[in-house]
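Computed from heavy atoms alone, side chains included, the values below leave out hydrogens, waters and symmetry copies. Below, read A as the first sequence line, B as the second, and so on, with proteins coming before strands; counting in each chain starts at 1.
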Amino acid sequence: MTQNHLYLVDGSGYIFRAYHQLPPLTNQHGQPVGAVYGYTTMLWKLAEELGKAEGPTHMAVILDKGSHTFRNDMYDQYKAHRPPAPEDLVPQFPMIRDATRAFSLPCIEEAGYEADDIIATYTRAAVAAGWHVTIVSSDKDLMQLIQPGVDMYDTMKNERRGADYVMTKFGVRPDQLGDVLALMGDSVDNVPGVPGIGPKTASKLITEYGDLESVLAAAPDMKKSKMQENLIANAEMARLSRRLVALHDTMDLPEPLDDLALKGIPPEPLQAFLSHHGFKTLLNRLGAPAAAVAMAATAAVASDNAPPPPPPHAAEPAIDRSLYETVVTQDALDRWIAAAHAEGLVAVDTETDMLDCVSCGLVGISLAVGPNKACYIPVGHGGTDMFAERPEQLDKALVLAKLKPLLEDDAILKIGQNLKYDMTVLRRHGIEIAPYDDTIVMSFDLDAGQSLAGHGMDEAARVHLDHQCISFKEVVGTGKSQISFAEVPLPRATEYAAEDADVTLRLWKRFKTRIANEGANRVYELVDRPLVGVIAQMEHRGIKVDREHLSRLSAEFTAGIAALETEIHAIAGQPFAIGSTQQLGAILFDKLGYKGGKKGKSGAYSTDVTILEQLAAQGAPIASKVLEWRQLSKLKSTYTDALQAQINKDTGRVHTSYSLTGAQTGRLSSTDPNLQNIPIRTEVGRQIRHAFIAEPGNVILAADYSQIELRLAAHMADVPALKEAFAAGEDIHAATAMQLFGEVNRDTRGRAKTINFAILYGISRWGLAGRLEISADEAQDMISRYYERFPGISIYINETIEKARERGYTETLFGRKTWFPRIRAAVQHERQGAERAAINAPIQGTSADIIKRAMARMGPALEAAGLPGVKMLLQVHDELVFELPEGDVEAASAVIRRVMETAAEPIVKLSVPLGVEIGTGPSWGAAH
DNA sequence: ACCCTCACG
DNA sequence: GACGTACGTGAGGGTA
């Protein structure tokens with residue numbers, strides 16, 4: 001006879017948790033189902049416990065019914081301040097019952113009692129009958145019930161909890177927990193507790209005196225302190241709190257224990273439920289063999305020889321490269337694919353012969369399904385030289401054909417490190433990876449700004465796994481002797497490539513838990529993860545660049561540079577390298593005797609634009625010539641020459657690479673080439689933008705958020721005057737000028753604009769003084785006036801800095817954290833630098849979050865509007881650039897504007913409108 | 001490898 | 001009392 005084991009599921013507690021931790025999904029009927037989905041996956045997980053040694057023989061889901069319980073009669077303030085359930089959660093409550101029925105599980109609720117009391121009652125009854133009980137919940141109140149034979153199970157953290165857990169968390173035995181909870185109170189449920197006593201003090205007192213009454217009795221004799229006074233004054237509150245946190249375990253059982261026996265889960269109702277809501281991943285798994293086994297199993301067959309469940313914290317074996325396999329036969333490949341199916345997830349990494357993923361060749365693919373369970377599948381080794389020997393390996397087309405169903409399987413999670421690279425490579429072979437997680441993005445969403453945590457794999461492995469990866473350089477060498485990965489011998493290639501997949505999977509496990517625990521879910525799921533595929537696509541598309549136009553400009557610039565060089569050398573009286581700041585400094589300040597001392601630690605003369613402009617104003621003709629020379633050299637070397645070299649031979653387009661982890665604030669950055677700093681501010685520079693063109697029959701469309709950071713500042717700092725100006729569609733700098741100076745003209749508007757930006761960046765009076773060419777005192781007056789007119793701003797700045805100092809990070813409206821380790825630096829200017837960055841990060845970061853959401857939604861929105869020919873090509877922080885058929889301009893503009901203007905919704909409700917300006921033309925330059 | 005300068009938001 | 005002063009990026013050229 002096997003031991004009966006009752007699982008009591010805290011359904012109400014779970015649904016709130018699921019709601020807050022999961023994205024706001026909507027099913028095909030337009031109903032919000034995020035929490036329902038979370039709830040369903042939890043039941044699924046429990047269903048998979050069926051038949052296991054520790055698995056359930058009996059199960060019930062317990063729910064709250066109504067809100068008035070006997071506790072309200074006891075204390076009318078109980079749960080009084082709890083805000084009403086969120087709008088999009090309310091309709092999900094009845095669906096929870098549907099989900100429970102779909103799993104053929106009993107659902108128990110009783111008016112006048114909370115779910116906790118029902119759970120307590122069943123626990124007492126089951127223990128009395130000699131059963132085991134597992135309470136599926138993470139609620140601290142329920143931890144009071146833990147005792148021999150009774151444990152708790154947190155499905156989200158995949159953790160079983162016994163008395164040890166309570167001891168670690170609260171420092172007391174489970175049977176003392178009620179006393180601790182009574183002393184500390186609970187602000188969410190409005191249990192009063194004793195003022196000034198938190199978890200630490202409560203635990204200390206109970207440990208010392210044994211129980212609540214002893215603490216209260218001993219209070220008069222304690223050392224005089226605020227706490228002692230509070231204990232005496234609030235003894236009755238403590239006793240009331242004790243009764244409020246006590247679980248009521250003597251109600252009548254709504255259903256007899258034996259009726260909760262599990263009889264197996266018929267698949268039909270479950271299937272109907274899953275397909276009604278479109279939960280495809282689970283639906284597919286319902287068909288998968290592993291799940292089918294679990295579903296068919298009945299509780300009664302929990303036999304003695306069933307394998308024990310793996311311990312929840314099985315120590316992960318150290319990385320052992322000798323265990324990796326080189327896959328060169330079909331059988332072996334099939335075996336790995338089956339292993340991935342059995343796990344439900346697989347880490348993937350691709351190896352290529354070049355780093356440029358738009359035209360590189362695929363050399364091999366590595367997979368990992370568990371610690372040290374990793375393999376490398378070579379498909380393109382030895383092919384670079386027709387005389388080189390080609391090692392035995394599987395045919396590339398065959399491997400890709402076998403992997404395609406796995407990599408595209410809705411039910412199998414693909415995990416990669418910087419997946420957009422692998423996505424681009426595989427997309428060229430007709431494979432669209434989905435669903436996926438990207439560990440580089442996960443790392444960034446957890447640790448942006450943490451100086452110790454690099455997001456690249458080698459550094460992440462060092463930091464999180466204490467493991468030194470084989471570096472790419474070690475494998476292929478550097479400089480002239482560098483070889484292609486295709487030439488790396490297979491054993492060596494396997495060690496390197498399989499390790500990458502192994503490490504990626506190990507990192508994923510850690511990050512996955514942390515993301516849930518550290519509140520990074522929102523930004524990861526709602527902002528960054530969806531973007532990975534979008535970015536991969538944009539990089540892959542590239543943008544067409546007119547080579548002739550650029551080379552014409554190059555020639556013009558060359559001529560201009562040569563002429564200026566002659567003039568400059570003539571004025572200097574000698575030839576010198578104008579680009580050398582050292583030589584230029586010597587000419588200007590030593591030979592020609594202009595004033596403008598040394599600067600910087602290096603002791604070198606500074607010759608930057610502000611200095612040269614000062615000299616020019618003093619009447620130094622050489623200074624303005626040098627400035628012109630610099631402008632042209634910059635444009636030629638960085639843009640007109642470099643961009644031509646970046647045009648891809650195969651596509652005729654320029655493919656930038658976006659880094660999702662490049663900017664600490666959450667912005668993207670662009671490299672090879674950087675297309676986020678193409679000139680626009682000067683007329684000469686702007687000509688370069690005209691080289692970015694559309695294909696025949698198409699046009700370029702540029703859509704810019706107008707003043708998005710100032711709008712966000714107005715919202716986040718709650719500045720009524722600014723919000724009203726934005727709502728009325730006013731010129732914001734003019735409105736600021738009116739507020740500060742009482743009149744609007746060119747001068748005051750310009751100053752107001754400078755101040756507006758200065759505010760976003762964390763102002764100092766000296767900085768502002770320098771920009772406006774006024775004294776520091778005048779600048780201080782201006783700042784003070786700004787704070788007076790817009791009081792929210794100074795409050796926001798102080799609060800932001802204070803929070804950052806306290807917690808170590810700032811947060812955007814979407815919960816993106818940026819860490820500022822230097823905000824507690826002892827060195828003043830380091831600390832102040834961190835403070836300025838901390839003021840800016842929430843604003844810049846929220847703006848980045850919003851445009852990222854717009855980007856993730858853009859493709860589906862255009863598709864839905866019947867505009868599949870509209871292609872998003874570039875992102876420049878507050879601007880999106882598209883290429884589209886001429887005839888689509890009007891329809892596309894409407895969709896693009898709508899998606900961009902509503903990108904924050906429904907997660908964040910802004911109190912200012914977001915404005916978008918759209919322009920079109922034959923080139924990027926013409927579209928502005 | 002580092003600094004300086006300058007292109008963008 | 002002096003210091004150095006706006007946030008976030010990437011790239012090219014010169015120099016050591």
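Residue A/Ile578 holds its CD1 atom at 9.5 Å from CD1 of A/Ile587, rounded to the nearest 0.5 Å. Distance check: A/Phe790 CZ to A/Leu740 CG gives 5.5 Å after rounding to the nearest 0.5 Å. From A/Ile708, atom CD1 reaches atom CG of A/Leu712 across 5.0 Å, with rounding to the nearest 0.5 Å. The distance from atom NZ of A/Lys817 to atom CG of A/Asp445, rounded to the nearest 0.5 Å, is 10.5 Å.
Atom NE2 in A/His877 sits roughly 10 Å away from atom C1' in C/dG10 (whole-Å rounding). As a whole-Å value, the separation of A/Lys636 NZ from C/dA11 C1' is 16 Å. The interatomic distance linking A/Lys634 (NZ) with C/dG13 (P) rounds to 10 Å, in whole Å. Rounded to whole angstrom, the span from the CG atom of A/Leu627 across to the P atom of B/dA7 amounts to 10 Å. Rounded to an integer number of Å, the gap from A/Glu917 CD to B/dG9 P is 13 Å. Rounded to whole Å, atom P of C/dT15 lies 16 Å from atom OH of A/Tyr605. The distance between atom CZ of A/Arg771 and atom P of C/dG4, rounded to the nearest whole Å, is 17 Å. Between the P atom of C/dT5 and the CD atom of A/Glu830 lies a distance of 15 Å, rounded to the nearest Å.
Closest to the A/Thr607 side chain, of the nucleotides B/dT5, B/dG9, C/dC7, is B/dT5. Here B/dT5 is the nucleotide among B/dT5, B/dG9, C/dT5 with the atom lying nearest to any side-chain atom of A/Ser606. Comparing B/dC6, C/dT5, B/dA7 by their closest approach to the side chain of A/Asp608 singles out B/dC6. When distances run from any side-chain atom of A/Ala642 to the nucleotides B/dG9, C/dG12, B/dA7, the shortest one goes to C/dG12.
Taking only side-chain nitrogens and oxygens, A/Gln832 never comes nearer than 4.0 Å to OP1 or OP2 of C/dA6. Between A/Arg681 and B/dG9 there is a side-chain polar atom (N or O) within less than 4.0 angstrom of OP1 or OP2. Remark: A/Gln583 is in phosphate contact with C/dT15, judged by side-chain N or O atoms under 4.0 Å from OP1 or OP2. Applying the 4.0 Å criterion to OP1 and OP2 of B/dG9, one finds that A/Ser847 has every side-chain N and O outside that range.
Salt-bridge annotation for A/Lys420 and A/Glu539: present, with a side-chain N of the basic residue lying under 4.0 Å from a carboxylate O of the acidic one.
If you check residues 572-580 of chain A against DNA chain C, the residues with a heavy atom closer than 4.0 Å are A/Gly579, A/Ser580, listed by number. Looking at residues 752-760 of chain A, you'll see A/Thr754, A/Ala758 sit with a heavy atom under 4.0 Å from some atom of DNA chain C. Residues from residues 802-815 of chain A with heavy atoms under 4.0 angstrom of DNA chain C: there are none. Of the residues in residues 662-677 of chain A, those with a non-hydrogen atom less than 4.0 angstrom from any atom of DNA chain B are A/Arg667, A/Gln676, A/Asn677.
For the residue pair A/Tyr796/A/Asp718, the side-chain donor-acceptor check at 3.5 Å is not satisfied. For A/Ser670 and A/Thr656, the side-chain atoms include at least one donor-acceptor pair closer than 3.5 Å. No hydrogens or angles considered: nothing links the side chains of A/Ser775 and A/Asp777 as a donor-acceptor pair under 3.5 Å. A/Thr812 and A/Arg522 share no donor-acceptor pair across their side chains, judged by distance under 3.5 Å alone.
No more than 12 heavy atoms of other residues, nucleotides or ligands sit less than 6.0 Å from atom CD of A/Glu773.
Taking atom C1' in both B/dA7 and C/dG4, one finds a spacing of 25 Å when rounded to whole Å. C/dT5 sits 15 Å from B/dC3 when the P atoms are compared, rounded to a whole Å. Rounded to the nearest Å, the gap between the C1' atom of C/dA2 and that of B/dC6 is 30 Å.
Residue contacts shown for A/Glu879 are absent, as no nucleic acid heavy atom lies under 4.0 Å away. A/Ile680 comes within 4.0 angstrom of the backbone, heavy atoms only, and of no base. Residue contacts for A/Arg765: at a heavy-atom cut-off of 4.0 Å it reaches no nucleic acid atom on any strand shown. Contact annotation for A/Ser633: no contact, since no heavy-atom pair falls under 4.0 Å across all strands. Residue A/Ile678 is in sugar-phosphate contact alone, with no base atom involved, counting any heavy-atom pair closer than 4.0 Å across all strands shown.
Partners of A/Arg805 according to the side chain to side chain donor-acceptor pair (under 3.5 Å) rule, which considers only residues two or more places apart in sequence or in another chain, are A/Glu835.
Between A/Phe589 and A/Tyr605, the two ring planes are tilted [angle within 30° to 60°]. The aromatic rings of A/His928 and A/Trp924 sit tilted relative to each other, their planes meeting at an angle between 30° and 60°.
A/Glu879 places no side-chain N or O within 3.5 Å of a backbone atom of A/Gln875 that could act as its donor or acceptor partner. A side-chain donor-acceptor contact under 3.5 Å links A/Arg689 to the backbone of A/Ile678. Proximity of a side-chain donor or acceptor of A/Thr671 to a complementary backbone N or O of A/Asn674 within less than 3.5 Å is not detected. Put simply, the side chain of A/Thr920 never gets that close to the backbone of A/Leu701: no donor and acceptor are under 3.5 Å apart.
Annotation: of the two residues near DNA chain C, A/Gly767 and A/Phe820, the 5′-most nearest-nucleotide partner is A/Gly767.
Cation-pi contact between A/Lys636 and A/Phe557: absent, since separation from the ring centre below 6.0 Å together with deviation from the ring axis within 45° is not met.
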Original post:
How would DNA chain C look in dot-bracket form, 5' to 3', counting Watson-Crick and G-U wobble pairs with both distances under 3.5 Å and writing | for bases paired to another strand?
Top reply: ......|||||||||.

